[in-house]
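In what follows, a structure is listed as structure tokens, so that the remarks can point back to it.
Just so you know, ligand 1 is whichever comes first in the structure, and atom 1 is the first atom listed for that ligand.
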Amino acid sequence: MSTLAPIPSLNYEVVFGDTGVESLNQFLKQAHYSSLFILVDSNTHPNCLPLFLEILETERPIDIIEIEAGEEHKHIETCMGVWETLSENGADRKSVMINLGGGVVTDLGGFVASTFKRGIDFINIPTSLLAMVDASVGGKTGVDLGVLKNQIGVIQQPQLVWVSDQFLGTLPKEQFRSGYSEMLKHGLIADPAYWEQLADYSQFTVDSLLPTIHHSVGIKNEVVKQDPTEQGWRKILNFGHTLGHAVESYALQSPEQKTLLHGEAIAVGMVLEAYLSVSLCGLPMSAAEAIKTVFHSIFDKEVFSATAQEKILELLIFDKKNSHGQVNFMLLEAIGKPKLDVQVPSELFKEAFAFYKR
Ligand SMILES: NC(=O)c1ccc[n+]([C@@H]2O[C@H](COP(=O)([O-])OP(=O)(O)OC[C@H]3O[C@@H](n4cnc5c(N)ncnc54)[C@H](O)[C@@H]3O)[C@@H](O)[C@H]2O)c1
Ligand SMILES: [Zn+2]
């Protein structure tokens, strides 16, 4: 398990498991950084940092910067605090930032590093499953603006990403499931055999997952390499996300709907968009039914009233993929075969919700 090959990305590598630690230490030795700043949140500080400090080899000074855990802290105010700490502690252009945490830490830390003194290097060490298979790779960094997600940011690649399943032991179960949802998406957009393999959630344990994580990173990385700045093809990673984001925002704003984690919301989004794929792209109904069965076996079935559905559709217009006033969807012609920029007639949304519920 410790011999998983490094995955070469744009100008850096994603390294895995035990051999990955050696690469990381080797990299730090050769890079001659002046000092190391490790960004953690209030959960990864106690849960992941001690483990990391045990294996980290460096003679350089280390500073720890902690931010509060949670999406609600993924804001410019939090960045201000981190920039100030960097400055007060003498960070210079040869300092490196090591982001040790979930997607909030890797997104925010990458943004802070990319803008501090016009950009210092950063390394991602994802500790949530979602950050391992998604957020830490691909170079999107940034923060939210009010309730609008990821409105401020830059695309900047890390110097290295180290993925280790050692951190997953303390990750809450529902957070784990949320990351799994993105892995299922990787199967749906790129690899039918992988989708089949993931369909039985009960077979996976934290200890057996690293090769699977490796496979998912490989899929995301291939897509990102073809289209680093999301001009076209990279949008396939948004399958389930157009409606999923709207569902996520809706749940966040409405007292009658329980808040959904990102992966939970896009699980709903993928079932809804599977239906749209049947109507508009020729995905066989049997495939959409199979997709629904898998997601309903892993995630709770949510209830969306008629009013809720209307509000979700209103929220669609806030989606960042909405250009020229039209909402574009990434749908599926078949499992493993995505189709970009499909426009959806509004009467289909109701049917999609009915399909989700059936
Ligand atoms: N840049 C990208 O391409 C990209 C892709 C997908 C998602 N994202 C972003 O990632 C964020 C979601 O990532 P996330 O789900 O990792 O959220 P998160 O960073 O908030 O982590 C989820 C929770 O798990 C905790 N946690 C993380 N690792 C832990 C561990 N090993 N043990 C115990 N607790 C741990 C965190 O403190 C947090 O409370 C969103 O802000 C999203 O916009 C970015
Ligand atoms: Zn996502």
Taking N or O atoms only and a 3.5 Å limit, does T44 qualify as a polar contact for ligand 1? no

Could you tell me whether E230 and K140 make a salt bridge, using a distance below 4.0 angstrom between a side-chain N and a carboxylate O? yes

Ligand 1 atoms nearer than 4.0 angstrom to some heavy atom of K74 are 9 (C), 40 (C), 41 (O), 42 (C), 43 (O)

Distance from atom 16 (O) of ligand 1 to nearest protein heavy atom, with residue and atom: S128 OG, 2.5 Å

Does a donor on one side chain and an acceptor on the other come within less than 3.5 Å for N99 and T106? no

Counting only heavy atoms, tell me which of T106, L171, L237 gets closest to atom 26 (N) of ligand 1. L171

Nearest non-hydrogen protein atom to atom 22 (C) of ligand 1, with distance, is Q175 OE1, 3.3 Å

Looking at non-hydrogen atoms alone, which of G102, G103, A135 comes nearest to atom 13 (O) of ligand 1? G103

Identity and separation of the nearest protein heavy atom to atom 9 (C) of ligand 1: D107 OD2, 3.4 Å

Return a yes/no value for D41: is any of its N or O atoms, backbone included, closer than 3.5 angstrom to an N or O of ligand 1? yes

Would you call the rings of F349 and F329 parallel, tilted or perpendicular if under 30° counts as parallel and over 60° as perpendicular? tilted

So for ligand 1, is C48 a polar contact partner (N or O within less than 3.5 Å, distance only)? no

Backbone, side chain, both or neither: what part of K140 comes under 4.0 angstrom of ligand 1, heavy atoms only? both

Does a side chain donor of either S216 or H186 reach within less than 3.5 Å of an acceptor in the other side chain? yes

If you compare L129, L51, V104 by their heavy atoms, the one closest to atom 20 (O) of ligand 1 turns out to be V104

I need the NE2(H241)-the Zn ion (ligand 2)-NE2(H262) angle, rounded to 10 degrees. 100°

Name of whichever N/O/S atom of E182 is nearest to the Zn ion (ligand 2): OE2

Look at the side chain of T127 and the backbone N and O of F167, then say whether any donor-acceptor pair between them is shorter than 3.5 Å. no

How far is atom 39 (O) of ligand 1 from its nearest protein heavy atom, and which residue and atom name does that atom have? N43 ND2, 3.0 Å

May I ask you to say whether E182 pairs ionically with K185, meaning some side-chain N is under 4.0 Å from a carboxylate O? yes

Rounding to 0.5 Å, atoms CE (M183) and CG (L188) come to a distance of 13.0 Å

Less than 4.5 Å apart, any side-chain heavy atom of S181 and any of E264? no

Heavy-atom contact check, 4.0 Å cutoff: does H262 meet ligand 1? no

Quick one: which ligand 1 atoms are inside 4.0 Å of a heavy atom on D134? 5 (C), 6 (C)

Answer yes when K117 and D92 have at least one side-chain N-carboxylate O distance shorter than 4.0 Å, and no when they do not. no

Option set D144, N150, L130, V143, criterion heavy-atom distance to atom 15 (O) of ligand 1, minimum: L130

Regarding N328 and Q343, do their side chains bring together a donor and an acceptor under 3.5 Å, going by distance alone? yes

Is the shortest heavy-atom distance from the side chain of S178 to the side chain of L129 under 4.5 Å? no

Using a 4.0 Å heavy-atom cut-off, say whether T127 meets ligand 1 through its side chain, its backbone, both or neither. both

Under 4.0 Å from a heavy atom of E71: which atoms of ligand 1 are those, numbered in the order shown and with their elements? 40 (C), 41 (O)

Looking at ligand 1, is there an atom of it that comes within less than 4.0 Å of some heavy atom belonging to K220? yes

Charged N-O contact under 4.0 Å between K235 and D341: yes

Honestly, for T170 the part within reach of ligand 1 (heavy atoms, under 4.0 Å) is both

Under 3.5 Å, N or O to N or O, is K149 touching ligand 1 that way? yes

Looking at E314 and K311, does any basic side-chain N land under 4.0 Å from a carboxylate oxygen? no

What residue and atom, counting heavy atoms only, is the protein's closest point to atom 31 (N) of ligand 1, and at what distance? F167 O, 2.8 Å

So, taking the atom named OG in S128 and the one named CG in L171, what distance separates them when rounded to the nearest 0.5 Å? 6.0 Å

